[in-house]
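Input: a single structure, listed below in structure tokens.
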Amino acid sequence: MDVRLTTEQRELREAAARLADDLGPGSVIDLDDADRAARLEKAVAATGWRSLRSDGASGVEVALVVEEFARGLVDVPFLGPVLADDLQARSGAAVESVALAVGGEAVDARGLSAALRLVDNRVETTGVGEPVFGIDLTRTNAAVTDPVTAVGELAADAAQRWQALALVVTTADILGAARGAHALACDYAKVRTQYGKTIGSFQAVAHLLAESLALIEGSVSILRYAAWAVDELDPAEALRAGRFAKVYTERAARTICETSIQVHGGIGNTWECLAHVFLRRALTSGALFPVSLEEIDLGLS
Amino acid sequence: MDFRDSPEEAAFRTRLQDWLAENAKNFPTSGDEYWAKAAQWHQALYSGGFFGTSWPKAYGGQELPPVYDVIVDEELARAGAPARPSLGYLVIGLGRHGSEELRQRFLPGMINGTERWCQGFSEPGAGSDLASLTTTATLEGDHYVLNGHKIWTSYSDDADWCLVLARTDPDAPRHKGISGFIVNMHQPGIEQRPLPMISGVTKEFGQVLFDGATVPADQMVGAPGEGWKLAMTVVSHEREPSTLGFTARYGKTVRNLAARLDGEPSESLRWAAVQTEMLRLHVRRRLSEQLDGLSHGPDGSLDKLLMTWVEQSVGHASLDAGGTRDAELLGTYLYSRSQSVMGGTSQIQKNIIATRIIGLQA
């Protein structure tokens, strides 16, 4: 038993973090900066990370990149294309650079014109139409359009494993967004002064931020197991690990993001503060492949 | 990365399972009954080769990787056996700050369970503000004379030895005038006054009054005035779930609650199951990180906070499962309330996290 990240995994995480810090939106205004988004798209495309799965990367590695991208609010498609890539690799469908469709929506589909989706165990390609309503300011969903074409069939095990990866990837996205919101709040608490002191020096504020950090650490631990399980455990076990990780992390992230808004005070309730952008992203990834507490079974290992 | 047992770990686990099948049934797992046989349990576990596995061979350990503790905790819980005795923080404290002579004299007995230990840090007037302690140790010839009042001295009435913090220099700044001592508990000048807990357990909350008890000067741990450093090492590890060995116990409680269910599980029980699984995996991560070397930093406060939330979520699930009609369920709930106080309150842990990890100003 040794659950440390390998050197290669740590390096991958650092590279993803650097890319997100360099080219992700540093403010709400940056979200509308098309030049920046174009540079980010070029950089992400150049990494080849959207095809991590078909290139043989593990669930752990995919989760690390997704987490760092969410922490840096990377606002070009990633989570969707990564899951579509895994679906494509499993089904042998011959399509490239596509979005992922879930039900009637192509998710995380900004700028993409085709999608792959899994219906029961059938893999289909679909068209991608007009954007639909969404709360996330960093990613856009679009309507699924014709033509819909069946391109492959997954064995039940493979479909379950893909679903486990979907839970892991969305959980990693939630965790990354929560970490971003927490970092934003900690930075603010170190510079904002009231009563002649930084607000982080008041225990009432400091304790909220300390609680958030503990929730982040717990989420990291439970997610790491689920991410490892995608490739290493029986599909049913992997799916179960993903459910536990998602339920825990989703609840943690909501508290962390709400804390970030609270620590920012009035500013935290304004559009211009990034705190709500993190919250919106976490909520969006929570609602994608949702897991409820009622789905948690009590047969603990 | 691998969450599974290596072949060596799997063999160890099998050996432990076989041993537990023979031995576990002889030992009560909780309350005063547990404490009545705690020494025997500790010694049996050690003799079987399942306790102190990660500690140096020179003092009776096996120098195995720290992850073996996870295996022990999991199998003890699965077998319904008592938890692993929690004294790792004392071993680490004495190992780090004691002289080689003291280590050789005291660590083997501490590890093999033939000598029982307690920790005399807190006082009625020195709780979270430990450095305000007023117990004095006054040098008289080749020994110190102790006077003062210690509280929350767990299991002090069973102990042979107590790691005592006492003020040796009343004129020094308050953190610098404290020294650590290894005090023999079998001597005149020591009075025991245990306090019953809200759960009814009577053994756990010791009170010790020192009135002229003595300790040889060469049983000071570290140099005069270095007691605070010792205290910080001990309490930072006292906070760690990986050191405490409690983690698997929560999973056992959740399984027991699930087994007695009549109908759908409550929301609190499902949440306790999620929390417990988180802590199981968190401990695996922390113990794996110790493969890079044991650190004595503030991360233990994060772990303690997580563990507290887990224990108290299990407590709430226990209460919801019928705690108002069942003494054992109520006991689990009431005992869980002490977790956010013992070993440093949750508020103190949050202060440590905020200032030493996040870097907020105090």
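What you see is a predicted model; the values in this text were computed from it and never measured. Below, chains carry the letters A, B, ... as their sequence lines are ordered, and counting in each starts from 1. Reckoned from all heavy atoms, side chains included, excluding hydrogens, waters and symmetry mates.
- Residue Leu223(A) does not touch chain B at all, counting heavy-atom pairs closer than 4.5 Å.
- Using a 4.5 Å cut-off between heavy atoms, Leu5(A) contacts chain B through both its backbone and its side chain.
- One side chain, Tyr250(B) or Glu311(B), offers a donor N or O that lies under 3.5 Å from an acceptor on the other.
- For Trp309(B), the part sitting under 4.5 Å from any heavy atom of chain A is the side chain, from C-beta outward, and nothing else.
- Sorted by first then second residue, the salt bridge (charged side-chain N to carboxylate O under 4.0 Å, His left out) pairs that include residues 342-358 of chain B, not counting sequence neighbours, are Glu211(A)-Lys350(B).
- Residues from residues 178-193 of chain A that place a non-hydrogen atom less than 4.5 Å from a non-hydrogen atom of chain B comprise His182(A), Cys186(A), Ala189(A), Lys190(A), given in numerical order.
- With Gln62(B) contributing its side chain and Gly49(B) its backbone, the two residues share a donor-acceptor pair below 3.5 Å.
- Contacts between Gln203(A) and chain B at a heavy-atom distance below 4.5 Å involve the side chain alone, from C-beta outward.
- For chain A, no part of Asp299(B) is nearby; none of its heavy atoms comes within less than 4.5 Å.
- Taking Ala214(A), Ala245(A), Ala229(A) one by one and counting their heavy-atom pairs under 4.5 Å with chain B, the maximum is reached by Ala214(A).
- Using a 4.5 Å cut-off between heavy atoms, Ile352(B) makes no contact with chain A at all.
- Contact check on Arg13(B) versus Glu75(B) returns a salt bridge, with a Lys/Arg side-chain nitrogen under 4.0 Å from an Asp/Glu carboxylate oxygen.
- Contacts of Glu267(B) with chain A are made by both backbone and side-chain atoms, with heavy-atom separations under 4.5 Å.
- Within the 4.5 angstrom heavy-atom criterion, atoms from both the backbone and the side chain of Gln347(B) approach chain A.
- The candidate from Leu269(B), Thr355(B), Leu306(B), Val67(B) with the greatest count of non-hydrogen atom pairs under 4.5 Å with chain A is Leu306(B).
- Using modelled atom types, one side-chain atom of Ser318(B) and one backbone atom of Leu329(B) make a donor-acceptor pair closer than 3.5 Å.
- The residue among Thr198(A), Leu213(A), Leu209(A) with the most heavy atom pairs within less than 4.5 Å of chain B is Leu213(A).
- Counting non-hydrogen atoms of other residues, nucleotides and ligands closer than 6.0 Å to CD of Glu294(A) gives a total above 12.
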_Stepwise side-chain hydrogen bond (donor to acceptor under 3.5 Å, both in side chains) test for Ser301(B) and Gln349(B)_ = CA-CA 5 Å; Ser301(B) 291; Gln349(B) 310 304 342; 2.9 Å; yes
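- Listed by first and then second residue, the salt bridge (charged side-chain N to carboxylate O under 4.0 Å, His left out) pairs that reach into residues 9-18 of chain A come to none, sequence neighbours excluded.
- Counted by atom type alone, Asp85(A) and Ser51(A) present zero donor-acceptor pairs between their side chains at under 3.5 Å.
- Residue contact with chain A, scored on non-hydrogen atoms closer than 4.5 Å, involves the backbone and the side chain of Ile358(B) alike.
- With a threshold of 4.5 angstrom between heavy atoms, Val310(B) does not approach chain A through any atom at all.
- At a cut-off of 3.5 Å, with distance as the only test, a side-chain donor of Ser221(A) or Arg285(B) sits close to an acceptor on the other residue.
- Asp234(A) contributes no side-chain N or O that, together with a main-chain N or O of Ala236(A), makes up a donor-acceptor pair within less than 3.5 Å.
- Side chains of Glu61(A) and Gln9(A): a donor-acceptor N/O pair is present below 3.5 angstrom, by distance only.
- The part of Leu261(B) that comes within reach of chain A is its side chain, from C-beta onward, which places non-hydrogen atoms under 4.5 angstrom from that chain.
- Heavy-atom distances place the side chain of Val60(A), and not its backbone, under 4.5 Å from chain B.
- Within the structure, side chain to side chain donor-acceptor pair (under 3.5 Å) pairs that include any residue of residues 249-267 of chain A do not occur (at least two apart or interchain).
- In terms of heavy-atom pairs under 4.5 Å with chain A, the best-connected choice from Asp5(B), Leu305(B), Asn351(B) is Asn351(B).
- When atom types are taken as modelled, the side chain of Thr170(A) and the backbone of Leu167(A) share a donor-acceptor pair closer than 3.5 angstrom.
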